[in-house]
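Down below is the structure, laid out as structure tokens.
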Protein chains: 2
Amino acid sequence: MAADHTRSAILSAAERLYAARGFADVTMRDIVTAANVNLSAVNYHFGSKDELIAELFVTRSLVTNRERLQELKAAESAGDGRAAIDDIFTALVGPTLRGCLGPGKQRSDAARFMIRASIESVAPIRKIKNREVDHLRRFAAAIRRALPDHDPADIFWSIHFALAMAHQTIRDTERLDKLSDGACDTDDVAAIVTRIVGVSVLMLTHRARPVRTATGR
Amino acid sequence: MAADHTRSAILSAAERLYAARGFADVTMRDIVTAANVNLSAVNYHFGSKDELIAELFVTRSLVTNRERLQELKAAESAGDGRAAIDDIFTALVGPTLRGCLGPGKQRSDAARFMIRASIESVAPIRKIKNREVDHLRRFAAAIRRALPDHDPADIFWSIHFALAMAHQTIRDTERLDKLSDGACDTDDVAAIVTRIVGVSVLMLTHRARPVRTATGR
DNA sequence: GATAGTTTCATACAAGCGTTTTAATTGCAA
DNA sequence: TTGCAATTAAAACGCTTGTATGAAACTATC
């Protein structure tokens, strides 16, 4: 009864380790050591390593998607059924970014775990991941309502790129820190969200004309 | 002498497998089977698995960086020392995108391998990867020459995001294909390059004002 | 407080990994 | 051909992996 302490200890230890080091590097012995439980506990409570990963992924998917949809719905009701594009993109990339980045750089293992899962496509996850497309469709629909005359392809591309920028920023701020020598503040999450949202909106509201700026002096 | 056939067979087989399935999933036995050589050949010719990966990565890094710098220099000399921003970004993301995508979806294992390496940061690669920052600095400098009055941080962010969009597009076109139901042509590499370059230029040439478009009906 | 049902534990297992070892084979110079 | 080094081959090594086993320690119900 009260003894599912082991279960949750495994879950949180596994999530933390997977988020930090990826699926490939983390063994079951690493997990049970970190969770201070016996080796057999994983198999007893979850069946197998893959089922543990799957359970983590499913749980976190639901949480993340719920957060995003909540923000989206709030934006839509605030806009009387038609959300502002900024708010739509903020609802899309905000939750994950806020969950992963920040001064502590480690606020939520959950969000970091989801990024890992989206990268190291391991077998038990691949099957589940198709649902994400359905989830993203709702954001595409919301944007289409906000910009009815737009080419749908542009809208899909903007979602694709917004997620790309968010994920890359979560995954590797180190390169940007080094490259910019600190000029880019990768701790200011709100500014990062604003920046990514700004770019995403920009690429939708400006037609992609073949610009040719500042050719030679 | 002429017997380095084995060596190159291993190299190309390893590159192809790593590019397709990642470092974690590919074993040495997979490699030697694909290369039709004996298991010991890898250790004999390269010393260890890590050294094989490192050699692949170093070789391909040099090639990729050379391609990008060639395009950059060509753009700079065409612009009389100051390249057009479009051309700078094209030099940055073009070679990798062209190498990875295309109708065959498998044109170059080399480029795909580099994407893998940039994601699954494995031990032997991590040490070498710091050089990439120096390489990217040259593009930052080129952009600063093209836009002397710009905030350097914006320039670094634009490079960061341009690479993010390119890598994500290479890594996972499947989700976009499904989401857009084919409306986004992920085979038209030239259009993708143009699109990414366009967005990158856009975010530099438009100040990131706090846009609030289409709020409400 | 004995008993049935869970949960933990130590241990063992088979399979797969990268690497090593040792012998056989090859290619070429003398 | 003979001799010698370079290469390939076959087998086994030690180690780690995920999983399975059966006994021990709990927990709750009667």
Side-chain angles (χ1 to χ4, degrees), chain A residues 1-58 113 116-117 120-128, chain B residues 1-58 113 116-117 120-128:
Chain A
M1 232 299 187
D4 53 21
H5 156 268
T6 302
R7 222 187 117 86
S8 61
I10 292 173
L11 280 173
S12 66
E15 182 170 61
R16 179 162 44 83
L17 289 176
Y18 283 146
R21 292 163 36 196
F23 296 110
D25 278 357
V26 177
T27 71
M28 302 193 57
R29 283 163 176 86
D30 291 333
I31 295 172
V32 298
T33 301
N36 259 313
V37 301
N38 190 268
L39 174 58
S40 322
V42 173
N43 286 297
Y44 177 78
H45 283 283
F46 299 93
S48 71
K49 186 190 184 184
D50 282 1
E51 289 174 88
L52 167 61
I53 295 179
E55 171 152 344
L56 268 173
F57 182 71
V58 169
F113 172 85
R116 281 284 179 197
E120 292 185 27
S121 186
V122 63
I125 286 184
R126 228 164 316 180
K127 306 165 190 167
I128 315 171
Chain B
M1 232 300 185
D4 53 20
H5 156 267
T6 301
R7 221 186 117 86
S8 59
I10 291 173
L11 280 173
S12 67
E15 183 168 63
R16 178 162 44 84
L17 289 176
Y18 284 145
R21 291 164 37 196
F23 297 111
D25 278 357
V26 176
T27 71
M28 301 192 56
R29 284 166 175 84
D30 291 333
I31 295 172
V32 299
T33 301
N36 259 312
V37 301
N38 189 268
L39 176 57
S40 325
V42 174
N43 291 92
Y44 178 78
H45 284 282
F46 299 94
S48 71
K49 186 191 183 184
D50 282 0
E51 290 175 88
L52 167 62
I53 294 179
E55 170 151 345
L56 268 173
F57 182 71
V58 169
F113 172 85
R116 281 283 180 196
E120 291 185 28
S121 187
V122 64
I125 286 183
R126 228 164 315 179
K127 307 166 189 169
I128 316 171

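In what follows, every chain begins at residue 1, and chains take the letters A, B, ... in the order their sequences are listed.
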Arg29(A) has an atom CZ; how far is it from atom C1' of dT16(D), in whole Å?
-> 7 Å

Among dT8(C), dG18(C), dG18(D), which nucleotide sits nearest the side chain of Thr27(A)?
-> dG18(D)

Mind listing the closest non-hydrogen atom pair of Phe113(B) and Ile53(B) along with its distance?
-> CZ-O, 4.2 Å

From the options dT8(C), dT8(D), dC17(C), select the nucleotide whose nearest atom is closest to the side chain of Tyr44(A).
-> dT8(C)

Would you say His45(A) reaches dT8(C)'s phosphate, i.e. side-chain N/O to OP1/OP2 under 4.0 Å?
-> yes

side-chain contact (heavy atoms from CB on, under 4.5 Å) evaluation trace for Ile31(A) with Lys49(A) | CA-CA 10 Å; Ile31(A) 295 172; Lys49(A) 186 190 184 184; 5.5 Å; no

Atom CG of Asn36(B) and atom C1' of dT8(D): how far apart are they, to the nearest Å?
-> 13 Å

Between Ile31(A) (CD1) and dT16(D) (P), how many Å, whole number?
-> 17 Å

Please determine, for the side chain of Asn38(A), which listed nucleotide (dT19(D), dA9(D), dT8(C)) has the closest atom?
-> dT8(C)

Side-chain contact check for Ser48(A): nearest option of dT19(D), dA6(D), dT8(C) is dT19(D)

Under 3.5 Å, is there a donor-acceptor pair between the Thr27(B) and Asp30(B) side chains?
-> yes

Nearest-angstrom distance from the residue atom CE of Met28(B) to P of dT16(D) | 18 Å

Using whole Å, report how far CG of Asp50(A) lies from C1' of dG18(D).
-> 10 Å

Whole angstrom is fine here: how far is it from CG in Leu52(B) over to P in dC17(C)?
-> 16 Å

Report yes if some heavy atom in the side chain of Glu55(A) is under 4.5 Å from a heavy atom in the side chain of Arg7(A); otherwise report no.
-> yes

Please state whether the phosphate of dT7(D), meaning OP1 or OP2, lies under 4.0 angstrom from any side-chain nitrogen or oxygen of Thr6(B).
-> no

Do we see a donor-acceptor contact under 3.5 Å between the side chains of Ser40(B) and Asn38(B)?
-> yes

Out of dT19(C), dT8(C), dT8(D), whichever nucleotide has its closest atom nearest the side chain of Lys49(B) = dT19(C)

Between the protein and nucleotides 21-26 of chain C, list the N/O to N/O atom pairs that are separated by less than 3.5 angstrom.
none

Round to the nearest Å and state the distance from Arg7(A) atom CZ to dT7(C) atom C1'.
-> 13 Å

Derivation and outcome, side-chain contact (heavy atoms from CB on, under 4.5 Å), residues Glu120(B) and Phe23(B) = CA-CA 7 Å; Glu120(B) 291 185 28; Phe23(B) 297 111; 3.8 Å; yes

Enter the distance from Ile10(B):CD1 to Asn36(B):CG here, rounded to the nearest 0.5 Å.
-> 11.5 Å

Taking atom C1' of dT7(C) as reference, at what distance in whole Å does atom CD1 of Ile10(A) sit?
-> 11 Å

